[in-house]
Amino acid sequence: MLDIKLVRNDLEKVRAGMSKRGANVPLDDFLKLDEERRKKLNEVEQLKNRRNTVSKEVGRLKAQGQDASLLIKEMQEEGDRVQTLDSEIRNIEDKLLEILLVIPNIPHESVPVGKDETENQIIRNWGEPRKFDFAPKTHDEVGVGIGIMDFERAAKISGARFVVMRGFGAKLERALCNFMLDLHTKEHGYTEIFPPFLVNRDSLTGTGQLPKFEEDLFKCVNGDYYLIPTAEVPVTNIHRDEILDAAQLPIKYAAYTACFRAEAGAAGRDTRGIIRQHQFNKVELVKFTKPEESYQEHEQLVNDAETVLKKLGLPYRVVLLCTGDQGFSAAKCYDLEVWLPSFNTYREISSCSNFEDFQARRANIRYRPGVGAKPEFVHTLNGSGIAVGRTVAAILENYQNEDGSVTVPEALRPYLGVERLYE
RNA sequence: GGAGGAGUGUCCGAGUGGUUUAAGGAGGCGGUCUUGAAAACCGUUGUACCGCAAGGUACCGGGGGUUCGAAUCCCUCCUCCUCCGCCA
């Protein structure tokens, strides 16, 4: 959510930000409503002031046994006006909030202006895509081949975009989760969190998924619960409506969760394999920082996520998303893209965003800069550290052998207990 | 799911319609005293919104209502505790 004062006082900056994104928002309606609200607020507060004064006088008169019926009668009439104004103001505030909640964040100045993913900027590459002396298979061919993935039974049990992982496949998922959590908690200083997978509306509004992206979410039919699309939601909302100590910052959390996405609008895309599933595992990194430190923490967050790929020996590149490709809440976002031989290209495996105070304002997450100082909004950041399902796909494709077996990356051997996966 | 109890400021805690602009205590901050510290004493200590300012308005779990006036009365929702039932 943008600062209402920024919209009011620096409309041009907001307009420029929106146009860089290609977003169309009703800013003029907003300003008109805002002005109307202030006008009515002024009037009603004056009336209330009078009412408060007169009511005290009534109390005083009654305490002295005197008649106050004249004053009471007078206030009865004003009461109606107060009630009307109050409800009008509530109405306007609802509308203002409604608009404010669907305005995306303003991109940071370092973000390249562009309309879609073709204008993203490649920042750096790591590792050399392997040259195969045989025709590499797709990850699902490899997985099905060695009996660790079962799509047919998953379709029977649940439907399309699900997979049953079996034996060392299941163990590989678990090993990767543990490997990533160990890395981030032991070497990068994150505190491990295991949050709820079902959250309420307020949490999803806090991080920006609601009200605009309801169709991407799975909603429970009984109770006001949604399945989390990412651990970002429950973990960021841990500190909703809180005032944090400056000394605590930055707060760094790492969380494993399953993630659930409806993939509305992705029909026909990535239907093969486990690249795009309704349910997938992810280790997520979340930070709460002081505003002046968030961009430096953002770079470090990207490094922390990159370390996972480096240790696994998976070639990847870092991409800075352009204004038109950024998520709704982000001010700046880097994607990590891993090399997938069967696609003959890099595919997103991690997304690391700085939201500045956009989420903090929605979720009311503040900190006190010093003793007695006024609370200010923190900056929130998060990034995949990293998506487990896509990592499985990347390992199966990059580490496959001609006989259909898969070499286990060295970093994972202590977790899996074997050096090679085969049928 | 059923029955009962409870939610007050950073914390504890008083307060069932009118000087409550929320008592009192603890903690924090500032000061006096002291070589220093402790103790004692004095002062101070929430958030948001409107306003150039003076100032005003709102907030006692959330929302709505009654009333000239609500922490206090009514409705509704949420959370926590106790007991019962069910349950991994």
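Lettering of chains follows the sequences in order, A, B, ..., and the numbering in each one begins at 1.
- OP1 or OP2 of B/G69 lies within a sub-4.0 Å distance of a side-chain N or O belonging to A/Arg51.
- For the P atoms, the distance from B/G25 to B/U45 is 15 Å, rounded to whole Å.
- Taking atom P in both B/G9 and B/C59, the straight-line distance is 15 Å, to the nearest Å.
- Of the C1' atoms belonging to B/G5 and B/G56, the separation is 40 Å, rounded to the nearest Å.
- A/Arg347 forms a cation-pi arrangement with A/Phe343, by the criterion of a distance under 6.0 Å to the ring centre and an angle within 45° of the ring axis.
- For the residue pair A/Thr407 and A/Arg420, no side-chain donor N or O sits within less than 3.5 Å of a side-chain acceptor on the partner.
- Looking at heavy-atom distances under 4.0 Å, A/Val58 makes contact with a base.
- Ring geometry for A/Tyr334 versus A/His298: interplanar angle of 30 to 60°, hence tilted.
- Taking the P atom of each, B/G63 and B/U72 are spaced 13 Å apart, rounded to whole Å.
- A sub-4.0 Å separation between OP1 or OP2 of B/C50 and a side-chain N or O of A/Gln46 is absent.
- Among the protein residues, A/Glu43 comes within range of no part of the nucleic acid, since none of its heavy atoms lies under 4.0 Å from any strand.
- Residue A/Asn52 has a polar side-chain atom (N or O) positioned under 4.0 Å from OP1 or OP2 of B/U57.
- The listed nucleotides are B/C50, B/U21, B/G64; the one nearest the side chain of A/Lys56 is B/U21.
- B/C74 and B/A40 are spaced 43 Å apart, taking the P atom of each and rounding to whole Å.
- Ring geometry, A/His184 versus A/His188: the interplanar angle falls from 30° to 60°, so the pair is classed tilted.
- A donor atom on one side chain and an acceptor atom on the other are not found under 3.5 Å apart for A/Asp304 and A/Thr307.
- When rounded to the nearest whole Å, the span between CD1 of A/Ile72 and C1' of B/G17 equals 13 Å.
- In this structure a side-chain-to-backbone donor-acceptor pair under 3.5 Å is missing from A/Asn382 to A/Glu232.
- Sequence order on RNA chain B of the closest nucleotides to A/Glu93 and A/Gly79 puts A/Glu93 first from the 5' end.
- For A/Gln76, counting side-chain heavy atoms from C-beta on, the closest listed nucleotide (B/G51, B/C68, B/G56) is B/C68.
- In this structure, NZ of A/Lys48 is placed 10 Å from P of B/U57, rounded to the nearest angstrom.
- Across all strands shown, A/Lys62 has heavy atoms under 4.0 Å from base atoms, whether or not it also approaches the sugar-phosphate.
- To the nearest angstrom, C1' of B/C78 lies 16 Å from CZ of A/Arg201.
- Rounding to whole angstrom units, CZ of residue A/Arg81 and P of B/C68 are separated by 19 Å.
- A side-chain donor-acceptor contact under 3.5 Å links A/Ser351 and A/Asp335.
- Considering only the side chain of A/Asn49, B/G56 comes nearest among B/G65, B/G56, B/G18.
- With pairs defined as Watson-Crick or G-U wobble and both atom distances under 3.5 Å, the stems of at least three pairs that touch RNA chain B come out as B:1-7 with B:78-84, B:10-12 with B:24-26, B:27-32 with B:40-45, B:46-50 with B:55-59, B:61-65 with B:73-77.
- One interatomic measurement links the two molecules: CG of A/Asp241 to P of B/U47, which rounds to 15 Å at whole-angstrom precision.
- For the C1' atoms, the distance linking B/G62 with B/C11 amounts to 23 Å, nearest Å.
- Using C1' as the reference atom, B/U10 and B/G1 are 38 Å apart when rounded to the nearest Å.
- In this structure, of B/A48, B/C50, B/C68, it is B/A48 that holds the atom nearest to the side chain of A/Arg366.
- Taking 4.0 angstrom as the limit, A/Arg38 places a side-chain polar atom (N or O) nearer than this to OP1 or OP2 of B/G51.
- Heavy atoms of A/Leu41 sit under 4.0 angstrom from primed sugar atoms or phosphate atoms, though from no base atom.
- Comparing A/Met75 and A/Ile4 by the nucleotide of RNA chain B that holds the closest heavy atom to each, the one mapping nearer the 5' end is A/Ile4.
- Atom CG in A/Asn42 sits roughly 14 Å away from atom P in B/A58 (whole-Å rounding).
- Following rounding to the nearest Å, A/Asp34 (CG) and B/G51 (C1') show an atom-to-atom distance of 14 Å.
- Ionic pairing of A/Glu119 and A/Lys115 is present here: one or more N-O contacts between side-chain nitrogen and carboxylate oxygen are shorter than 4.0 angstrom.
- Taking 4.0 Å as the cut-off between side-chain N and carboxylate O, A/Arg366 and A/Glu242 do not count as a salt-bridged pair.
- Heavy atoms of A/Arg90 sit under 4.0 angstrom from primed sugar atoms or phosphate atoms, though from no base atom.
- Spacing between B/A26 and B/G36 at atom C1', rounded to whole Å, works out to 26 Å.
- Rounded to whole Å, atom C1' of B/G51 lies 11 Å from atom CZ of A/Arg8.
- Of the N and O atoms on the side chains of A/Gln300 and A/Tyr295, not one donor lies less than 3.5 Å from an acceptor on the other residue.
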